[in-house]
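Reading through the structure tokens given below for one structure.
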Amino acid sequence: GSSPSGDAAASSAPSQAPIASASPAEPAHKLTLMLDWYPNAVHSFLYAAQEQGYFAKQGLDVEIQMPADTNDALKLVAAGKVDLALSYQPQVLMARGEKIPVKALAAIVRHPLTHLMVPADSSIHSPKDLAGKNIGYSSIPLYEAMVKTMVKADGGDPDKVNFVDVGYDLIPAISTGQTDAIMGAFINHEQLILQKEGHPVNSIDPAKYGVPDYSELVLVASDEGIGTRKDDFGKFLAAMQEGQAYVQEHPDDALAILLKHEDATAPLDKDIEAQSLKVLLPLMDAGDKPFGYQDPASWDKVQQWLSDNGLLPAGIEAGDAFVNL
Amino acid sequence: MTVRKGEFVSIVGASGCGKSTLLKVIAGLLEQSAGDIRLRGTDSGSGANRLGHIAYMPQQDLLLPWRTVLDNCVLPLEIKGRASSGTKAEARDMLKRVGLAGYELAYPHELSGGMRQRAAFVRTLMNGGELMLLDEPFGALDAMTKRDMHRWLLELWGNLKRTVMFITHDLEEAVLLSDRIFLMPAGSGGALQEMNVGLPRPRSMQMNFEPGFVSLRAELERRLYETRAV
Amino acid sequence: MTVRKGEFVSIVGASGCGKSTLLKVIAGLLEQSAGDIRLRGTDSGSGANRLGHIAYMPQQDLLLPWRTVLDNCVLPLEIKGRASSGTKAEARDMLKRVGLAGYELAYPHELSGGMRQRAAFVRTLMNGGELMLLDEPFGALDAMTKRDMHRWLLELWGNLKRTVMFITHDLEEAVLLSDRIFLMPAGSGGALQEMNVGLPRPRSMQMNFEPGFVSLRAELERRLYETRAV
Amino acid sequence: MKRAPFNELIHRSGAFLLLLLPVLAIWEAAVRLELVPSFILPAPSSIWTALVRNAGLLLGTHLPATLEEVAIGCMMSVAGGILLGIGMHLSRTLEKALYPLIIISQTIPLIALSPIFIMWFGYSLWSKVAVVFLTAFFPVVVGVYDGLGKSRGAYQELLLTMGASRRQLLLKIGVPLALPSFFSGLKLTVVYCVIGATIGEWLGGTRGLGYYSRRMAGSLHSAEMFAAIALLSALGIALFLTVRLLEHQILKKRGTY
Amino acid sequence: MKRAPFNELIHRSGAFLLLLLPVLAIWEAAVRLELVPSFILPAPSSIWTALVRNAGLLLGTHLPATLEEVAIGCMMSVAGGILLGIGMHLSRTLEKALYPLIIISQTIPLIALSPIFIMWFGYSLWSKVAVVFLTAFFPVVVGVYDGLGKSRGAYQELLLTMGASRRQLLLKIGVPLALPSFFSGLKLTVVYCVIGATIGEWLGGTRGLGYYSRRMAGSLHSAEMFAAIALLSALGIALFLTVRLLEHQILKKRGTY
Ligand SMILES: Nc1ncnc2c1ncn2[C@@H]1O[C@H](COP(=O)(O)OP(=O)(O)OP(=O)(O)O)[C@@H](O)[C@H]1O
Ligand SMILES: Nc1ncnc2c1ncn2[C@@H]1O[C@H](COP(=O)(O)OP(=O)(O)OP(=O)(O)O)[C@@H](O)[C@H]1O
Ligand SMILES: [Mg+2]
Ligand SMILES: [Mg+2]
């Protein structure tokens, strides 16, 4: 499923400006989407939309790609090499802080998946217990700020927390007892795997301890892309919503589509993904709003919190970082 | 020191007196610090101009160890871009003449010292060129083999009218082969001495014991001894 | 072929007849295919037993190119773990004897062919050992230098009563130095011939022109010629 | 002394396998005795099981993809390395300009460049080939450059008297003398090609043993991950042995020095 | 012809810097003209600015940490590589057993082994040193092994007649002949030490240029990331030039062949 970069570049070029109404006879409009990570349950709606023909119905030909590094998706969408990308809400704001012209189009997972995790038999029950303990995290300053906020909100002393950068290896860090807690693992992935491997962990939701209830996963496009391909993106959102509706109604079928797709190259663990989807579906639900809807208040809160923690330069407007098409 | 076309001159002198160095200068490998070198009467300028025009056989055989004897012998023609289908046959023929028939495909390390020397000699002959510089070409050969080489060299030289400059420590050899012999002084002080060999040609091995020959040889030895005592 | 203790024997023969190979076998580098080799009358067994007990000077000088002349000369004692403070002085002294004073710290590639040969000769002498095998040790030397070497070698040999086996193509040299001379046949068919040199010792260079000497030399030449014709 | 190349291979690998057994036994025991958690280092037996279970996918889909990248990347590394080495040997200016750039290319973590590769090459084969090249070309450069820089001693003088041009000196003496050094570099390069392909597949794409191993690592399927790595290692050893055999064949034919 | 080592260095790097200028100019222009987005490849000027702005942190905190890992890891790679090379040269059995294992170690992506390192060494200096070692030791092994395996020709025979032991043959002829090949390997090894330290720091830790670069990448600070990489490259070049100087000094002193 790889395509020469030329295709991606051409599809976002101005010459391919949106055509008012795409009749089925017209050739499908090509869109490339870069995931945040490799395909898993959270992406079921995309594969469902693909498989069920929702994209095709909208006259879209969507190609899904994977990044080398989570930040690559943001950079490449900003550079016009892909049209859409999945990223994290705080990351979008921080990207704007670095003059990377991207905007969120939709909130996919509306709540944090990154929880603080401690071994099930640990003496740590709430963030304030972390004083004097080692916390493993994956060299992302954002996670430092989250833990400090949590400890402070819980009445502890954030300066007494001992941070250990554990690079890529969150699971070994906690399962071999190198650290007392980890920050950066997902409740729908690492937690389930640790459980399965016999190292059950408890998770502590940062949103409950002073961290804004941010969206873990958002759909992102570049400012320029939104200018030139607004219509295609609108269609994409429509197909995406249809896909998510399908996942909600037929979670087992949707999962089967994902698993079948992945079997061709790298089979997924069926049990883990099924549990993962169960965890995810409520967190993706936008209630009475359509799937993907973004709440300006959430963006303001995240922007404020990032600024307070020195992760965002002044002058970054929350309103510039997202758009509800 | 002038060497006439078609002449055969020898250079003798104490070990380390600079004979090999002289040949290298003539071949164009080193630049002389004083004097100039004329080819056919015109100043040849820097040594680089002479490279490629003079056949040179170094004191060490310098056969390329990764090439067979035959491939070593055709190397000069390969370099000059004159290798043809007949080249190998010619080299084989010459190797046979020096008693190396059957060793064409051997590698140099499989040969005895004298055999390597003969192979290097063949390589030099293949070089062509009017002037041939030979640095102790037969030093590692026994008297018999050496005699065969002498005979062949004289024959070649007689036919082709090539000019030969020849370094040797074997005074008999020098007297037998040369028109003239140059004596190189050991120190930097002495001057080059010249000795004319007035013996008639064609010469043969039997001359070794003739009085003229013996006296020439003794004279040469005496003079050498003198240059050294200076 | 028996060589008595303290004897000086030469080996002559056509190029490629196997002289160097014979020396290598005696030194212990190669195993003989037939016959056995006795040292002091007892079978020395395999070649490996003889390694390290016999001083050997190869036909190529084989000076280690990354060592200075002096360091090359002390190598044998270094190997034997017998290098002492006096070793270098001794080597310097010997180098002076062979006319290499001032070249102690030169690298081999800076020496002329004959100088390298003399350095290798000094290295062999430094080796010690009762039996010395010399493979054309003076092949690249002029008559004068060679004579000096002869004188020195005879002197050493006379004093130390070392046994010497000597390969040469210079028949005068063979006659002058040896107690006995072995003629090696060229083909595999012929047998080793032996020739006794009955000349009185001490010998001098002047003998070269004495009738006894000249006739011995002529006889040797004739015999060599015969072995070849076989 | 003389053995056919194939027998030679059997002979060598046979001895290795014999010596591998105790290593595998200790490893297996360590995992079974839970001295090492199996999700960190799976037992050889479970790696083998994973290999067999996924044989179709591994050998049918991923191995060919990786082989293609390795083959093309390797050829480019060798060709590029030779050209760079010769170029730098011939021109001091080129050498001064290029050597630092080459070293810079070896000290930049490739992951930092991943967006650049994707920008330039997209998700095509070429982004992976580029990574293989960057990972693997350096040893050949050093091998060729150092090999050609060796003193050609008196041989050079001899050829000069025959009127040899610089090109001929290079071809007739430089290249034969440089071959051993070149082969040392080549052996390193072919091994690095394998890890280069692995890293290249991490940058994106949907096939290849490196891609597979990364995916399996993400879901903590250690046995599957190590099964892919075992295949990668086998590929590396095969490439190394091939070059070594070639080296022996070529250098053995020549006379010793 | 003769120049003091220090002048030589200035001379060389001067020429390089002169040649680097056009490259930097084109790069700067490409970024300014927005041919390349600055967040993917920042302009040299902004990298320089980032370097100067963070000089205290980079040079005071992170460079020393990386230098320590590189120094220890490099010494271990060289020492370990020499020992392995000599060991494999001396014993065919050892060679057959170890060579495949060494190649396997070079084809396993380090990321796959990182949990094992962490398990064994924790987040200490030693996990980084282990990564440096694994990344860098291989070229020295090949250099030493191939160098010692060179034909010693007739020199060996000569020394045998002097009664030389295997050890003496190795020391008196093997080692001098192996030096050029060893230095080729060493040049590769010191360069790979730098990337090894970078990767090692990614596996966890709190200091070092690799750690810093990854952290900056995580918060999308490209200029800072490349500033750290520039320092790493400079370190690599410095190590390379040092080895090269050493090589020239040692090999130059010896006679040519
Ligand atoms: N590469 C070199 N570097 C320095 N000195 C050298 C070099 N080559 C030769 N020499 C010196 O030049 C002098 C003359 O050497 P040359 O080889 O010309 O002597 P030669 O007359 O050929 O002696 P031989 O008869 O022993 O071969 C010697 O003293 C030697 O030490
Ligand atoms: N390494 C080798 N491999 C194969 N054959 C060899 C090898 N070395 C020598 N020979 C052969 O053995 C024979 C005897 O060689 P040797 O070197 O003993 O001759 P020699 O009598 O010393 O001759 P010279 O007087 O030319 O030095 C020669 O025919 C030679 O081709
Ligand atoms: Mg000479
Ligand atoms: Mg011989």
Side-chain angles (χ1 to χ4, degrees), chain B residues 20-21 23-30 47-83 103 105-111 116 119-120 123-129 131-135, chain D residues 1-2 82 85-86 89-92 140 143-187 243-257:
Chain B
S20 299
T21 308
L23 246 54
K24 279 193 185 178
V25 171
I26 297 175
L29 289 172
L30 299 169
N49 296 338
R50 294 191 298 279
L51 287 174
H53 299 294
I54 297 173
Y56 169 65
M57 173 172 171
Q59 191 165 6
Q60 288 81 35
D61 52 69
L62 296 182
L63 297 170
L64 300 185
W66 55 83
R67 281 177 169 243
T68 60
V69 170
L70 187 63
D71 285 343
N72 264 291
C73 290
V74 299
L75 185 62
L77 294 177
E78 230 179 278
I79 294 286
K80 297 196 165 122
R82 286 201 266 110
Y103 289 97
L105 299 182
Y107 283 95
H109 73 104
E110 296 167 330
L111 301 187
R116 295 174 62 122
R123 182 184 58 194
T124 314
L125 291 179
M126 294 291 290
N127 224 323
L131 177 57
M132 271 190 8
L133 308 176
L134 305 177
D135 198 343
Chain D
M1 284 293 284
K2 251 185 178 175
I82 292 176
I86 294 181
H89 171 75
L90 291 179
S91 152
R92 283 268 290 171
V140 168
V144 169
Y145 180 79
D146 283 2
L148 291 178
K150 270 186 201 148
S151 160
R152 292 173 201 167
Y155 297 127
Q156 168 139 344
E157 289 193 350
L158 177 72
L159 262 75
L160 280 173
T161 69
M162 298 177 185
S165 60
R166 280 194 73 182
R167 217 186 101 256
Q168 285 176 320
L169 290 180
L170 194 68
L171 286 178
K172 307 279 177 191
I173 332 177
V175 170
L177 282 178
L179 272 184
S181 175
F182 165 70
F183 272 113
S184 289
L186 187 60
K187 279 185 279 187
V243 172
R244 209 162 119 141
L245 214 65
L246 200 74
E247 181 189 21
H248 279 307
Q249 292 296 316
I250 290 182
L251 296 188
K252 173 183 89 182
K253 257 205 281 181
R254 327 186 330 174
T256 42
Y257 301 39

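All chains are named by letter (A, B, ...) in the order of the sequence lines, taking the proteins before the strands, and each is independently numbered beginning at 1. Every value quoted in this text rests on a predicted model; they were computed, and no experiment measured them.
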*About how many Å separate CZ of B:Arg67 and CD1 of D:Ile173, when rounded to the nearest 0.5 Å?*
9.5 Å
Please name the pair of heavy atoms, one in [X] and one in [Y], separated by the smallest distance, quoted to 0.1 Å.
X        : Y        : value
B:Ile79  : D:Lys172 : CD1-CG, 3.9 Å
B:Leu63  : D:Tyr155 : O-CE2, 3.7 Å
D:Leu158 : B:Leu62  : CD2-O, 3.5 Å

*Give the intermediate values and the outcome of side chain to side chain contact (heavy atoms under 4.5 Å, CB included) for residues B:Leu75 and D:Leu159.*
CA-CA 9 Å; B:Leu75 185 62; D:Leu159 262 75; 3.8 Å; yes
*Under the side chain to side chain contact (heavy atoms under 4.5 Å, CB included) criterion, do B:Trp66 and D:Leu251 qualify, and how do the steps go?*
CA-CA 9 Å; B:Trp66 55 83; D:Leu251 296 188; over 6 Å; no
*Could you walk me through whether D:Glu157 and B:Lys24 pass side chain to side chain contact (heavy atoms under 4.5 Å, CB included), step by step?*
CA-CA 9 Å; D:Glu157 289 193 350; B:Lys24 279 193 185 178; 3.3 Å; yes
*Answer yes or no: is there a side-chain heavy-atom contact under 4.5 Å between B:Ile54 and D:Thr161?*
no
*Verdict with supporting geometry, B:Arg123 and D:Met162, side chain to side chain contact (heavy atoms under 4.5 Å, CB included)*: CA-CA 10 Å; B:Arg123 182 184 58 194; D:Met162 298 177 185; 3.7 Å; yes
_Less than 4.5 Å to any heavy atom of chain D: does that hold for the side chain of B:Gln60, its backbone, both, or neither?_
neither
